[in-house]
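Just so it is clear, the values below take in all heavy atoms, side chains as well, and ignore hydrogens, waters and symmetry mates.
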Amino acid sequence: FPCVASRSTSSTKENKRKGPAHLLEKMASEAEVEMQDVKVAGEPAAAPAAASAAAPNPFAEEPAAKVAGSSFPASSTATLEDHGRRHSRRTSSICQRHEIVMSHSHSHNAAHNRRHSVAEMAMRIQAVSMSADVDGENGEDEEDEEESTVSFREAVMTMVINCIGAGIVVFPSMMGGNGALVAPILCILGAGCCLECGILIADACTAVEESRKIVIRSYEMLANEILGKHGKIALIITKNSAMLGFIIVFLQLVVDSIVSMFLDGSDKEAERSLATQVRFFAVFPIFVLLAMLRDMSQLARVADFAAVAVVIVVSGILTGSCWRYFLVPMCEEGQEPSADCLAYTLTPPLTDDQGFVDILFVCGKSMAFFLFVFAMLGTVPTLRSQLEVRSDMPRILKTSFAIILSVYLVVMAIGYLGFGQAAPENALTGLAGPDPAFPIIAKSGSCCMIVNILLGMPIFAICVISVAESAGTGPIFRPLSPPNIWMRALMMAVLALASHGVPFVVEMIGIVSSVFGVCNNIFFPIALFHGAKKFSPQAPRNPKKLALHSCILLMGLLVLVFGLSGSVSKMMNLLAAEKAEMEAARLGTTTTTITTTTTMTGLPATSPEDPDANSEGDKDQTGEDDDEEPGDTKDDADSKNTDKSQEHKDEGDAKTSQDSKDRDGEPGDKSKDDTDSK
């Protein structure tokens, strides 16, 4: 068309930027305008009504009688009609091609966005659910503003991505501490409890929505509707306390991952020193910068990297564990399980002085961990509010939990196969060495673990900070004001100090999850489900459901008691062992210094508290037998006393001789120097 050739350079660049679909659309619209001008030019000036009647269909062919009164000659009128028909056919073809291109373009873009935005959507849903409105009233007086566009597949992938994260590296140690039979049973029980509680949350949301005609968009909003203001405050406290504990765990996992990239774990003293430096001079500043984020819009754009990082970590653990199984020999009978040999057991490995109560402590701590790895039930109301069909939420939970449980069991079993009972807390650090070492797998897995944690940690920090900022209106509560920045940095400093004081990942997870995880994943869902019955009093009672909920509640109480006690007891033992190890290392350094001094001087190293050490050393060197007759002991003692008396007498004579020489005028300084040299 002529109008295409007359475009300016800037317009051409703009069209190139927007793509061919936009260019076709613009060309079609210009052709339509041109056809309208052509048809209007053939109309008589005295018949505006006829022109307006023809306007809705500018491409229709006009009858010959209609243009008889035109001022144009017949040849010109025929030419215009022919020109219009040609333009009509060309424009129709262009429009058809435009519709095809646009339909393919829209379908491709929709598929592309849907395929690549699942991880981003998962991160946004988790952020919204964790940092929900503290007042719990953000959906009472409004309709469903956002269009429900989350499909079944996307919802399942969202649950899987939100669940499988940094805790995957701890699973081999769970089976190492519980046995090949008990650990899978505990994992399945934990998954079953969390699945049932997630369904209870979805049912409670349905009951409230049908009664109040609102949309439940967050866990806090559901608690506010059913349990009231005090129940909502209790949920906020337990939820944010758990998140603070999770930040401590994430910080320690990042420190361990960085340290394992430089040391193989053979030198514990050097490892502790490097961990301290990495914690306060590398990880702490990064966490402070991430704590300055106000929302997840910046990090949500790179959420796909977090999902890819988890896949690489899982693949590294599986590959390294299988490889290690074929390289490390089995432990011989009576040999203690360690990194140098493999040993397996079906039940928790206990010593002779441990009994059934110790088994409860071990299992309680492990159950607390399994509740931690399924701790994404707080996202159920948010995800459910965005579903295309909200009644699909129970089916989505069952499908996603089946996928998550399968991944956990596979990683736990193969990791246990490669490490045995001596599986470390972090499987990636175990793959780093000392022998056998898989540096490529360990370092790549550690890097991916760091990426996953750094992209996910701000969600927890934003949630805690948003709750703190909603408590007041002063400068410290205003986001990113100078006092607010100092408050955020101080929070991360306290968490870094806590991580330095308690650098044990599994025990920290056990303490946090056995108290706050049990409340968020078991106690609150059961209370919300049975509290929601006031909105539908005509609903029939189900005795089987009531019995099942009673068993889950009892299990939660057992985890709360034995999980907390077992985690605290194990942490105290580890702290005592670490202190004893540091003391032994210090004493070993002192002994090494004394030995070095002895080698340089050629004299035996004798401490002031043991004056007879030289005598014992001489005795050992001369090869005297320690098993002497009883009668000889007294003679030896008398001889030693005689020798000591003779030594004191000789010293007295030497002193008297020195005094006499000084009185006779001999130079005393020279004698003193000789005595010092001797």
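- F535 CZ: more than 12 foreign heavy atoms inside a 6.0 Å radius.
- Looking at N240, its side chain does come within 3.5 Å of a backbone N or O of I236 through a donor-acceptor pair.
- Put simply, the side chain of S481 gets close to the backbone of R478: a donor and an acceptor are under 3.5 Å apart.
- Between R384 and E209 there is a salt bridge, with a side-chain nitrogen of the basic residue lying less than 4.0 Å from a carboxylate oxygen of the acidic one.
- In terms of modelled atom types and a separation under 3.5 Å, the side chain of S470 and the main chain of V467 share a donor-acceptor contact.
- Aromatic pair F524/Y219: centroids not less than 6.0 angstrom apart.
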Exercise for the section: Check the pair E225, K534 against salt bridge (Lys or Arg N to Asp or Glu O under 4.0 Å), reporting the backbone distance first and the verdict last. Expected result: CA-CA 11 Å; E225 293 293 333; K534 64 183 180 181; over 6 Å; no

Practice task
Evaluate the side chain to side chain contact (heavy atoms under 4.5 Å, CB included) criterion for residues F374 and C163: first the C-alpha distance (whole Å), next the side-chain angles of each, then the deciding distance (0.1 Å), finally the verdict.
Solution key: CA-CA 6 Å; F374 289 102; C163 192; 4.1 Å; yes

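- Under the side chain to side chain contact (heavy atoms under 4.5 Å, CB included) test applied with F529, the options I201, L200, I199 reduce to a single match, L200.
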Practice task
May I have the step-by-step check of side chain to side chain contact (heavy atoms under 4.5 Å, CB included) for R294 and L480, ending in yes or no?
Solution key: CA-CA 8 Å; R294 298 182 58 180; L480 296 184; 3.7 Å; yes

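- For D203, the side chain to side chain donor-acceptor pair (under 3.5 Å) test picks out no residue, with sequence neighbours left out.
- Remark: side-chain polar atoms of N452 are not paired, donor with acceptor, to backbone N or O of V310 under 3.5 angstrom.
- Enclosure of atom NZ in K398 is not indicated, since only 12 or fewer non-hydrogen atoms of other residues, nucleotides or ligands lie within 6.0 angstrom.
- Listed for the S514 side chain is no donor-acceptor partner under 3.5 Å among the backbone atoms of A368.
- By the side chain to side chain contact (heavy atoms under 4.5 Å, CB included) test, C447 is found to be paired with M261, residues two or more places apart in sequence or in another chain being considered.
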Practice task
Could you check K365 against E507 for salt bridge (Lys or Arg N to Asp or Glu O under 4.0 Å), going step by step and ending with a plain yes or no?
Solution key: CA-CA 8 Å; K365 184 183 70 172; E507 283 66 35; 3.4 Å; yes

Problem - Derivation and outcome, side chain to side chain contact (heavy atoms under 4.5 Å, CB included), residues M492 and L290 - result: CA-CA 10 Å; M492 286 299 166; L290 293 175; over 6 Å; no

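- Here the side chain of S567 pairs a donor or acceptor atom with the backbone of G563 at under 3.5 angstrom.
- In this structure, Y408 contributes its side chain and V373 its backbone to a donor-acceptor pair below 3.5 Å.
- For the pair S321 (side chain) and L318 (backbone), a donor-acceptor distance under 3.5 Å is absent.
- A donor-acceptor contact shorter than 3.5 Å links the side chain of N521 to the backbone of L371.
- For K229, the NZ atom is loosely surrounded, since the number of other residues' heavy atoms within 6.0 Å does not exceed 12.
- The pair E469-R488 counts as a salt bridge, with a side-chain nitrogen and a carboxylate oxygen less than 4.0 angstrom apart.
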Problem - Criterion side chain to side chain contact (heavy atoms under 4.5 Å, CB included) on F369 and V559, from CA distance to verdict - result: CA-CA 10 Å; F369 170 77; V559 172; over 6 Å; no

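- A heavy-atom distance below 4.5 Å is found between the side chains of L387 and I396.
- A cation-pi geometry, defined here as NZ or CZ lying under 6.0 Å from the six-membered ring centre and within 45° of its normal, holds between R395 and F152.
- A donor-acceptor distance shorter than 3.5 angstrom exists from the side chain of T158 to the backbone of E154, with no hydrogens or angles considered.
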